[in-house]
Protein chains: 2
Amino acid sequence: MDVHSDIPRSRRERPAKPALTREGIVAAAVELMRAEGMQKVTMRRLAQELDTGPASLYVYVRNTAELHAAILDELLGIIEPVPAEGDWRGRLEKLLTSYTAMLFEHPGLAQSALVARPSGKHYLNLIETLLALLAEGGVPSGQAAWGVDVLLQYATATAAEQATRDLTVNAQDDWDALTRALHGASDRTHPHIATLATELLSGTPQVRLSWGFHLLINGILHTPVPPARSNA
Amino acid sequence: MDVHSDIPRSRRERPAKPALTREGIVAAAVELMRAEGMQKVTMRRLAQELDTGPASLYVYVRNTAELHAAILDELLGIIEPVPAEGDWRGRLEKLLTSYTAMLFEHPGLAQSALVARPSGKHYLNLIETLLALLAEGGVPSGQAAWGVDVLLQYATATAAEQATRDLTVNAQDDWDALTRALHGASDRTHPHIATLATELLSGTPQVRLSWGFHLLINGILHTPVPPARSNA
DNA sequence: ACCTGAACACCGTTCAAGT
DNA sequence: ACCTGAACACCGTTCAAGT
């Protein structure tokens with residue numbers, strides 16, 4: 001009955017076709033993102049990659065947002081571990097910079113990351129490491145607990161801003177418009193902008209990011225959280 | 001020839017149809033957003049509202065991103081002006097809270113705001129006011145110039161996070177998953193999370209937002225910017 | 001019971017062909 | 001010169017009907 005019995009079964013199928021499981025789907029999604037960018041990771045395109053219809057994916061993934069969250073957690077698994085030596089501030093900044101760099105490499109993922117409420121195992125590991133570093137620095141635990149959110153949000157939002165700017169064709173136009181608007185501000189109506197136009201536009205993204213991390217760490221150290229009110 | 005000559009011309013047209021100008025398009029977009037939410041403000045839907053085809057809008061608006069940016073600047077025009085009395089920190093926080101509240105009322109706009117590089121007049125006014133308040137507080141100008149970006153980014157990102165959480169049906173599920181993940185963390189593998197699970201999840205959005213503003217203001221005050229390197 | 005083809009209800013953007 | 005109908009190339013999600 002089997003007309004193909006002389007051909008090994010494995011040769012008759014597309015060699016790289018992953019099994020249709022949640023793991024296989026997420027793995028294929030990551031592969032597709034690496035190959036063609038986040039904007040191509042759609043349910044339809046991914047289904048095509050897996051030789052099936054989009055409806056089939058909904059058996060394993062609730063929706064596009066959940067798929068993106070799964071990709072994010074996968075990517076969190078590959079950010080380089082923080083070195084064991086050095087002062088806690090330097091190591092903290094290194095970890096946050098690695099996180100941001102990972103999002104920079106995958107424009108589009110950052111925007112999902114901002115909205116997604118991740119809860120995967122790699123995300124938990126990241127939170128744990130951040131808390132450990134803040135504890136090592138003597139940051140009071142309440143401030144550390146709320147601080148990790150702010151640190152990750154800052155890193156994520158910065159990547160999302162920058163990422164989309166790289167992607168968009170009109171990025172330069174927008175930047176030019178802002179530059180003109182700031183430098184062209186009248187010192188009668190906008191005296192502070194007129195005085196600070198250069199400073200407002202100065203600094204490379206890297207230097208600004210680093211300054212932001214320092215600012216946040218200083219702020220977290222110096223800002224007590226309000227006393228809990230019937231919340232425990 | 002004109003069979004309608006006995007009916008005033010104005011009565012034969014849809015009463016509220018704005019002229020097809022950039023201003024008219026943006027005004028209609030704002031109206032549509034108020035009536036049906038940002039997710040309905042698409043080129044196609046907006047064109048329909050203006051009794052034309054989507055292609056016509058491209059004569060006045062470069063793309064969807066630019067349309068969203070225009071809406072944002074329009075909305076910035078209605079945030080309540082900062083009161084003249086009180087200490088600068090209190091007034092600064094009030095202004096930032098108004099800004100955030102505006103974005104909260106229009107879920108979806110916040111996400112555009114994060115990516116858009118606005119340069120409209122209302123945006124300039126906001127920057128000017130923020131710089132004035134920081135100057136009043138004696139913040140060194142370099143720190144103030146970079147600080148306004150961080151303050152607005154924090155406010156915008158927080159609104160974007162929260163806004164999407166309100167919109168999404170599965171928001172509660174995501175939250176539950178995170179709660180379970182944090183409270184279920186093993187104190188062998190994730191000792192800090194296990195200890196701080198309650199603190200990590202504590203605080204209303206309002207209290208967290210306010211704490212974040214304090215932390216940022218403290219950080220901006222205490223963190224000098226690096227010396228300019230051949231950038232001026 | 002599990003899976004999915006086909007449909008529903010949309011998108012942004014372009015460009016040839018009109019007036 | 002200015003405007004736009006129609007087309008191109010896509011989306012996410014659902015559900016009835018298959019195996």
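Order of the sequence lines sets the chain letters (A, B, ...), proteins ahead of strands, with each chain counted from 1.
Atom P of nucleotide D/dC11 and atom CG of A/N63 are separated by 17 Å, given to the nearest angstrom. For the pair B/L57 CG and D/dG5 P, the computed distance is 11 Å after rounding to whole Å. Atom CG of A/D51 and atom P of C/dG5 are 11 Å apart (whole Å). Taking atom CE of B/M43 as the reference point, atom P of C/dT14 lies 10 Å away to the nearest angstrom. With rounding to whole Å, A/R44 atom CZ is found 11 Å from D/dC10 atom P. One interatomic measurement links the two molecules: CG of B/L50 to P of D/dC3, which rounds to 14 Å at whole-angstrom precision.
No donor-acceptor distance shorter than 3.5 angstrom exists from the side chain of B/Y99 to the backbone of B/I79, with no hydrogens or angles considered. A donor-acceptor pair under 3.5 Å links the side-chain atoms of A/T179 to the main chain of A/W175, judged by distance alone. Under a 3.5 Å cut-off, the side chain of A/E128 and the backbone N or O of B/H192 do form a donor-acceptor pair.
Checking the phosphate oxygens (OP1, OP2) of D/dT4, a side-chain nitrogen or oxygen of B/S56 falls inside 4.0 Å. Between B/T64 and C/dC11 there is no side-chain N or O to OP1 or OP2 distance below 4.0 Å.
Across C/dC11 and D/dA7, the matching C1' atoms stand 14 Å from one another, rounded to whole Å. For C/dT13 and C/dA9, the P atoms lie 24 Å apart once the distance is rounded to whole Å.
The side chain of B/V59 lies closest to D/dC3, out of D/dG12, D/dC3, C/dT14. In the set D/dC3, C/dT13, D/dT13, the nucleotide with an atom closest to the side chain of B/Y60 is D/dC3. Which of D/dC11, D/dT4, C/dT13 sits closest to the side chain of B/L20 comes down to D/dT4. Side chain of A/A55, nearest nucleotide from C/dG5, D/dT4, D/dC11: C/dG5.
Side-chain contact between B/T97 and B/F213 is present, with at least one heavy-atom pair separated by less than 4.5 Å.
Around CD of A/E36, the count of heavy atoms belonging to other residues, nucleotides or ligands within 6.0 Å exceeds 12.
Pairing partner, D/dG12: C/dC8, with both Watson-Crick or wobble hydrogen-bond distances short of 3.5 Å.
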